[in-house]
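The chains referred to below are lettered A, B, ... by the order of the sequence lines, with proteins before strands, and numbering in each begins at 1.
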Amino acid sequence: MTVRTRFAPSPTGFLHVGGARTALFCYLFARRHGGQFVLRIEDTDLERSTAESVNAILEGMSWLGLDYDEGPFYQTDRFERYNAVIDELLDKGLAYRCDCPKERLDRIRDMQMAAKLKPRYDGHCRSRHVDPEQPHVVRFRNPVDGAVVVDDMIRGRIPFANEELDDLILRRTDGSPTYNLTVVVDDADMGITHVIRGDDHVNNTPRQMNILAALGKEPPRYAHVPMILGPDGTRLSKRHGAVSVISYRDQGYLPEALINYLVRLGWSHGDQEVFSLDDLIELFDITDVNKAASTFNTDKLDWLNQHYIQHGDPKRIARLLSPQLGHLDIDPAGGPDPVDVVQAQAARAKTLVELAEISAFCYRDFDDYDPAAAKKHLRPVARQPLERLRAELDMLALDDWRDEELHRVVERVAEELELNMGKVAQPLRVAVVGRAASPGIDVTLRLVGKEAVLRRIDRALAYIAKREAAG
RNA sequence: GCUCCCUUCGUCUAGUGGUUAGGACGUCGGCCUCUCACGCCGGUAACAGGGGUUCGAAUCCCCUAGGGAGCGCCA
């Protein structure tokens, strides 16, 4: 039997990190076992499902690299099939028509709540005849006694007494099928062998198993993965800020960093922290997933992202950096090769957005000096070193505008003036970058280029002169 | 309220009867150093509480507390 898993989101919003992790687990489990991963869009809620959401989900999955082998299948394309199954259940007496009005349902619910009971349908129409021509819903005839046990791959055996389960609606008054029916039919029809989903579905599982049994089908194996909580310990939602995977892309995160972070939320392999997708396909075991919910924490994601920026292929990082430079109105064609910039800056940025920001000086003059840096380094004492540096750098041929030569120039000026490297390099850095932080001074000069370096030194000298004049 | 689930450093986790309770992120300190990072070294910090079982419990059982999910003609 080949393993088949599915990710079955309802298109009522973007792909959030919780869903992405569920999809990742489904994907990894299938890949690990040489099986197939199916994508199914559960759009039976006509009111809330949107095409934009479908696109957002597809975009998120594709960005993360979670390729599916089949689908996307849309449940709205399969209403005929669901209705045939419901009719079959009706014929066999395993389902029945119910015309209880909303008011009656509300009333018994209130009474049950008042009596400290779990609200549920009381089976009023179980043995009544309801005219098929009149408005009605179809309910599943759930077994009244015995128990159904969910044998979960993560949680172990969870028994549910049938008397806790009521007769759920399979078909609405408008004729559309409901979630619990469509899932069961689809999973069976699509040959899904392993259902991996959020643990907010555990309570649905015994109901679905009962429907499956009524249809004479073997249930799949189930694995309910724990939820992801926000920093405040409640279920992750929009009010926790960025939860859409696409927003992480836009904030400059690498997909491999998000994947790595997400997989370690609830799963581990000894002390290993860094995993490539290939590592995961080889090592992932659903039974190693934790039972407890975990909290989404950006610090570790930042660390992983920094790691992947630093250790990833500079050419690829540079390619991903380009759009971020574009957001700053920078055209990389007018300056150093972005690959060189990435190599110089990769250790300094947690995100691609940050990488673009701290690298802008390579492509254009900065607006203002960082006040603290200017105050500390662009003082009258810096005038002489800067003048000497300007002269020496001016004499350096363009062919010699290389790290080694640039480093020698700065070193020589420091020696001649009997100053520490810092007393020379820092004013120069602030003059050229506008801030007190940048790659090594030689690399910094190389990236900025001779023309801009000389221009910016002049600007710094003017700044110092003005400051001197002001007293 | 009822049903189900969960509980190890601040966070993510290792741990399946005998460990100085390990790692990672964060944080703090140091080294490196022309700056900022990176890197390296070191410190800080946890078994929710209470009862059992056992020679011995983070590990097994029970209770309590806390947290989560579900109880829709949503999925």
Q: Indicate whether any N or O donor in one side chain lies under 3.5 Å from an N or O acceptor in the other, for A:Tyr82 and A:Asp186.
A: yes

Q) Less than 4.5 Å apart, any side-chain heavy atom of A:Glu392 and any of A:Arg412? A) yes

Q. If pairing requires Watson-Crick or G-U wobble contacts with both distances under 3.5 Å, which nucleotide is the partner of B:rA37?
A. none

Q: Look at the side-chain N and O atoms of A:Thr295 and state whether any lies under 4.0 Å from the OP1 or OP2 oxygen of B:rC12.
A: yes

Q. For B:rC4, which nucleotide in any strand shown is its Watson-Crick or wobble partner with both distances under 3.5 Å?
A. B:rG68

Q: Using a heavy-atom cut-off of under 4.0 Å over every strand shown, decide if A:Val202 touches base, sugar-phosphate, or nothing.
A: nothing

Q) Paired with B:rU59 by Watson-Crick or G-U wobble geometry, both distances under 3.5 Å: which nucleotide is it? A) none

Q. If you check every side-chain atom of A:Thr178, which of B:rA75, B:rG1, B:rC34 has the closest atom?
A. B:rA75

Q. Do the non-hydrogen side-chain atoms of A:Val410 and A:Leu445 ever get within less than 4.5 Å of each other?
A. yes

(Q) Can you identify which nucleotide, out of B:rG70, B:rA75, B:rC38, has its nearest atom closest to the A:Gln310 side chain? (A) B:rC38

Q.
Which residue in the set A:Phe284, A:Tyr308, A:Trp267 passes ring pair (Phe, Tyr, Trp, His ring centres under 6.0 Å) when paired with A:Phe275?
A. A:Trp267

Q: Can you check each nucleotide of nucleotides 24-30 of chain B against protein heavy atoms at under 4.0 Å and return B for base, S for sugar-phosphate only, - for none, in 5' to 3' order?
A: BSS----

Q) Does B:rA75 have OP1 or OP2 sitting under 4.0 Å from an N or O in the side chain of A:Thr44? A) yes

(Q) Let's test this: given Watson-Crick or G-U wobble pairing with both distances under 3.5 Å, identify the partner of B:rU27. (A) B:rG43

Q. Can you check whether A:Pro439's main-chain N or O pairs, donor with acceptor, with A:Arg429's side chain at less than 3.5 Å?
A. yes

Q) Of the nucleotides B:rU11, B:rC34, B:rU13, which one has an atom closest to the side chain of A:Ala425? A) B:rC34

Q.
Using the side-chain heavy atoms of A:Tyr179, tell me which of these nucleotides is nearest: B:rG1, B:rA75, B:rA69.
A. B:rA75

Q) When you measure from the side chain of A:Met227, which nucleotide among B:rA75, B:rC73, B:rG68 comes out closest? A) B:rG68

**Q.** pair A:Leu328-A:Tyr363: side-chain heavy atoms closer than 4.5 Å
**A.** no

Q | Under 4.0 angstrom between A:Asn290 side-chain N/O and B:rC12 OP1 or OP2 | A | no

Q. Looking at residues at least two apart in the chain, or sitting in another chain, which of them share a side chain to side chain donor-acceptor pair (under 3.5 Å) with A:Asn210?
A. A:Asn142, A:Asn162

Q. With a non-hydrogen cut-off below 4.0 angstrom, is A:Ser268 in contact with a base, only sugar-phosphate, or nothing?
A. sugar-phosphate

Q.
Using a 4.0 Å heavy-atom cut-off, does A:His201 contact any base of the nucleic acid, only the sugar-phosphate backbone, or nothing at all?
A. base

Q. For B:rC73, which nucleotide in any strand shown is its Watson-Crick or wobble partner with both distances under 3.5 Å?
A. none

Q: Under 4.0 Å between any heavy atoms, over every strand shown, what does A:Arg109 touch: base, sugar-phosphate, or nothing? Just pick one.
A: sugar-phosphate

Q) A:Leu265 near the nucleic acid: base, sugar-phosphate alone, or nothing, with a heavy-atom cut-off under 4.0 Å? A) sugar-phosphate

**Q.** Residue mapping more 5' on RNA chain B - nearest nucleotide basis, A:Asp200 or A:Asp166
**A.** A:Asp200

Q | Touch class at under 4.0 angstrom, heavy-atom based, for A:Gly440 against every strand present | A | base

(Q) Other residues, nucleotides and ligands only: do more than 12 of their heavy atoms fall within 6.0 Å of CD on A:Glu387? (A) yes

Q: Kindly compute the distance separating OG1 (A:Thr182) from CG (A:Asp189), expressed to the nearest 0.5 Å.
A: 11.0 Å

Side chains of residues 290-301 of chain A: which donor-acceptor partners sit under 3.5 Å, not counting sequence neighbours?
{"residue": "A:Asn297", "atom": "OD1", "partner": "A:Asp299", "partner atom": "N", "Å": "3.1"}
{"residue": "A:Asn297", "atom": "OD1", "partner": "A:Lys300", "partner atom": "N", "Å": "3.4"}
{"residue": "A:Lys300", "atom": "NZ", "partner": "A:Glu273", "partner atom": "OE1", "Å": "3.3"}

Q: Check every atom of B:rC73, B:rU13, B:rG72 against the side chain of A:Val137 and return the nucleotide holding the closest atom.
A: B:rC73

(Q) Strictly by Watson-Crick or wobble contacts shorter than 3.5 Å, is anything paired with B:rU16, and which nucleotide is it? (A) none

Q. Do the side chain of A:Asn204 and the base of B:rA75 come within less than 3.5 angstrom through a donor-acceptor pair of N or O atoms?
A. yes

Q | Side chain proximity check, A:Pro427 to A:Val381, heavy atoms < 4.5 angstrom | A | no

Q. Contacts to RNA chain B from residues 429-439 of chain A, heavy-atom cutoff under 4.0 Å, which residues?
A. A:Arg429, A:Ala436, A:Ala437, A:Ser438, A:Pro439

Q | Near-strand residues of residues 148-160 of chain A, defined as heavy-atom separation under 4.0 angstrom from RNA chain B | A | A:Arg155, A:Ile158, A:Phe160

Q) When you check the phosphate oxygens OP1 and OP2 of B:rU11, does a side-chain N or O of A:Ser294 lie under 4.0 Å from one of them? A) no

Q) Are any of the side-chain heavy atoms of A:Tyr463 and A:Tyr369 separated by less than 4.5 Å? A) yes

Q: Mind checking side chain to side chain contact (heavy atoms under 4.5 Å, CB included) for A:Asp77 and listing every partner two or more places apart, or none if nothing turns up?
A: A:Tyr74

Q. Which of the following nucleotides, B:rC34, B:rA75, B:rC71, is nearest to the side chain of A:His407?
A. B:rC34

